[in-house]
Amino acid sequence: MRALLPQAMAGIDLEITQATKTIVLNAEELKIASANLHDENGDTSRVIPSSSCSCEDKGDRATVSFDEELVVAKSYKLVLEYEGILNDQSMGFYRAQYKALSEPPASVARAEDGSPYMVCTQFQPVGARRAFPCFDEPNMKATFSLDIELPTDQTVISNTPVERTDDAANGLKRVSFEKTPIMSTYLLAWAIGDFKYVEGFTEQEYGGKKIPVRFYAQAGLEEQGHYAVEETIKAVDFFSKTFGIDYPLAKMDVLAVPEFTFGAMENWGLITGRTNILIFDEKTSSESKKEIICSIMCHEVAHQWFGNLVTMDWWDELWLNEGFASWAGDYAVDNFHPDWNTWQTFMTGGMEGALIRDAMRSSHPIHGDVPDARNVHEMLDLISYQKSCSVLNMLANHMGVQTFLTGVSNYLKQNMHRNATAEDLWRYLGEASGDDIVTHIKPWIQKVGHPVVTVTPEADGQVTLRQSRFLAVDDMKPDEDETLWWIPLGFRSLSDKETPSVISALSEKQQSVTIPADSLYLLNSSGTGFYRIEYPQEHLAKLGQRLNELTVTEKLTILNSSSALAFSGTGSVVSLLGFLQSFADEMDPQLWTRMMRDFTRLRHRFDDDAELLPAIKSLTRSVITKMVQELGWEKTAGESHLKSDLRRALLDEGLSCDSPEIKGVALQKNILYNSDPDKLDIDPSMLYIIFGAAAKESPKEVGPELINKWQNATSTEMRARFVRAMGMIQDPEVIRDHILPFCYATTPPERVLKPTGMRALATYLAAESSSRQLQWDHVKANWDAVVAKMGTAEALSTLVNSNLVSFSDAAAVEDIDTFFADKDTNGYATIIAKCKDTVLNVDRFRKRERASLAAWLREQGFLTL
């Protein structure tokens, strides 16, 4: 790998605003060989040599010192020669290994097992300083001119088009790129390798030309990028029109990277992302993959305006980038594919996940404190992405989407190529709406948590609405309930009588409204309110009797709140199970998917309870049997991917609940697959179910076989399915001897997971009681090796979360505290706190609900003496 060590030169045009003898830059794992300052302020230019260049051993700063004092002036150029490390940690400038589909050029570097590398960058949040000395802060914007020397038989791409290509020494070529717009360092990107591409063009013209949109990938995978190109083209044109600002660059590229920490990254003009989530193979990809690709591309393209053109001032407002890109991405997807019911999916997915996370004491405000940029990865969570998206969606629904977008457009136009804050956005939204946006929205952004609105009938047709903070455990202290939220109520009456006039929003701790005593109504009818609703039990029962009059969105709102209240202790899980019976005849995939999450959640919470677990499994089988028979195993012509997703979820849950019918069919299909995969007509996304059934049935034979199949597979999607099946193995010996080494070892390199691929398997193993403790014991016993393999605090934090979040006993928290007592947890301390909070909440739930749940299961015939 010595040949891959990059040697480079950086030239930084700068202005000195205060007399000094030192210049301090960001630099990490870089060795600066020389630094000179070119002074071009006088009649003649001169070079001021540095007296020393020192880099912090374990830090991220370099200090360039000079003997003479540098005077205040505008025209300086700091020229540095340096050497860096081409790491394998998926951060900074790094190498990514892949399985070749065709013979790469001779110049392509290879690993010990012969697998080729591509090299690429990931600079968000603070990776640029690992590639070149710079002022690596979001509010220190600059333009970038990039020259790269590389072998003539490889391809290099960056943010902007190639300006020229020249011959260089040693048979190399020098590729120079056009100067970028002024932008933050974290948006700079480049990549080098054996790339091929497919191409399309925008429908709209920009500056008299249609913009090329290309999908780059390793040679042989490029044809699987057509769908990503199609959706990216639509997104570029859509946002140009929606924001009233033309896409400002001359091209848009997308690069599929085999080893990638995040889902995707919005580098300006060069979006990068994980290969297995960006490609679509007509033979092996499921239809639901299209929604994933479309959602990712719309999110990243939205960033080209909101984040790139206008950037947050500091990382404490990361949500301003990510929340809006999430909202705008979903808004675009819903416009492109209204039949996908994107906002309903968001309600049961991202929004519900954020509500669950935000109900924990370890949650944090959307606007978080980030004193050290190196720990900003701890803010890359459901709060910064999905809660902020939910709050913006709630605000847009209140204002009216077009009014909201008018304010957003004005904000972007007035802050182009600059940094901005949330206060700037609120000002333009307020001007567009004529409303006091700041007062409404500040508590949602600056305070932790969210409210529950409790509905209490009083005498004489009065109903009291009271807001309080909602916690995942029913033991809130007075000082935890001091926030006063502005809550849009979304009132809808189901009564035949004249609809009562009810306040549009609750702005007080408690307010009374007049609603006739016999009226049936609901709150948050749009489903956009980021809060829970506690109805009186008799009112909830009446709503359950008139489900045919409710929209799917309204039913989901009721289910989400009912579930949250039951699992928190405000309600009870027995009451929830009884209420779910009202939905037995529902056929909508979104509703079924939502209900199944509660049964899965219940099973996981008691998966080590030898008495209750079989009864919960029996209950679940009885609930899903009719729908499983209705859906079968085969897709019907023209069915929606939502229906396909529900089929997969039901069969997966049925197998987990020991359904003999599902297990039998799955094993038969696995035999057919092994004899001739092409003869098996099955939704590709369900293949892991048949692999998993075989792995559970014959683990000693199938476990090692899955690893062999993973090693030989060229499809990243098929590799993911083999990994998913490995996570279903329950044999301790196979887990210990084969699956854990496959996940955590480093050799042989061709038969172990890379760090970027470990989180999924670690999560699957932690979700099963048979492997949860085995895995955590393995991690503790091999902690130093695990830390070394993961490489960065970002990667380690995801693995720690995967290992710990599924424990359900308070004893596990004591074990966590003991183990980490002498560890440096800087960079993942927040994750540990969240995991402990989750475990303690589950432990309280089990102790609170077990007796009543056991009695109910016995009464229903699922638990026998």
Side-chain angles (χ1 to χ4, degrees), residues 242-245 302 305-306 310 312-313 317 319-328 330-331 334 343 346-347 351 354 358 365-367 386-415 420-453 465-467 469 483-492 499-513 522-533 553 557:
T242 299
F243 299 144
I245 304 170
W305 286 264
F306 219 102
V310 181
M312 81 255 152
D313 191 64
E317 291 195 312
W319 72 270
L320 197 58
N321 280 14
E322 299 302 344
F324 185 82
S326 297
W327 181 87
D330 284 347
Y331 177 68
D334 190 51
W343 289 115
F346 175 69
M347 279 182 64
M351 180 177 173
D358 198 40
I366 289 176
H367 185 285
Q386 305 300 352
K387 181 181 178 181
S388 58
C389 173
S390 301
V391 170
L392 290 173
N393 191 42
M394 180 171 65
L395 184 59
N397 184 71
H398 170 74
M399 293 174 58
V401 172
Q402 291 309 312
T403 302
F404 177 77
L405 286 171
T406 296
V408 168
S409 177
N410 292 338
Y411 162 84
L412 291 171
K413 289 174 181 176
Q414 295 301 316
N415 292 284
T421 67
E423 296 296 329
D424 299 312
L425 177 60
W426 307 144
R427 182 169 67 253
Y428 288 106
L429 290 177
E431 290 175 0
S433 66
D435 204 355
D436 186 3
I437 298 298
V438 174
T439 300
H440 290 345
I441 211 69
K442 268 194 172 181
W444 292 100
I445 303 299
Q446 297 179 351
K447 301 294 184 180
V448 66
H450 60 272
V452 55
V453 175
L465 304 177
R466 186 183 188 281
Q467 63 163 290
R469 182 181 172 188
T483 303
L484 187 63
W485 286 277
W486 164 82
I487 305 172
L489 291 174
F491 177 89
R492 186 169 89 84
T499 303
S501 177
V502 176
I503 55 175
S504 62
L506 180 62
S507 302
E508 305 294 334
K509 197 70 174 176
Q510 182 173 303
Q511 247 176 303
S512 292
V513 296
L522 51 84
L523 303 179
N524 196 15
S525 59
S526 68
T528 58
F530 193 77
Y531 58 93
R532 304 299 194 184
I533 308 162
T553 294
T557 300

What's the spacing between Leu506 CG and Phe491 CZ if we round to 0.5 Å? 13.5 Å

Proximity of Phe404 and Trp327 rings by center, below 6.0 Å: yes

What I want to check is whether the side chains of Ser390 and Asn393 have a donor and an acceptor closer together than 3.5 Å. no

So for atom NZ, which belongs to Lys509, do other residues, nucleotides or ligands contribute more than 12 heavy atoms lying within a distance under 6.0 Å? yes

If every non-hydrogen atom of Glu317 is compared with every non-hydrogen atom of Met312, which pair is closest and at what distance? O-CB, 3.5 Å

Once you round to the nearest 0.5 Å, how far does OH of Tyr428 lie from NZ of Lys413? 11.5 Å

Member of Trp319, Phe243, Phe324, Tyr331 meeting the ring pair (Phe, Tyr, Trp, His ring centres under 6.0 Å) criterion with Phe306: Phe324

What class does the angle between the rings of Phe530 and Trp444 fall in, given that below 30° is parallel, 30 to 60° is tilted and above 60° is perpendicular? perpendicular

Nearest 0.5 Å, what's the CD-OG1 distance between Gln402 and Thr242? 8.0 Å

Starting at CG of Asp358, measure out to CE of Met351 and round the result to the nearest 0.5 Å. 11.0 Å

Do Glu322 and Lys387 sit within salt-bridge range, that is, some charged N less than 4.0 Å from a carboxylate O? no

Could you measure the distance from the CG atom of Leu465 to the OG atom of Ser512? Nearest 0.5 Å is fine. 8.0 Å

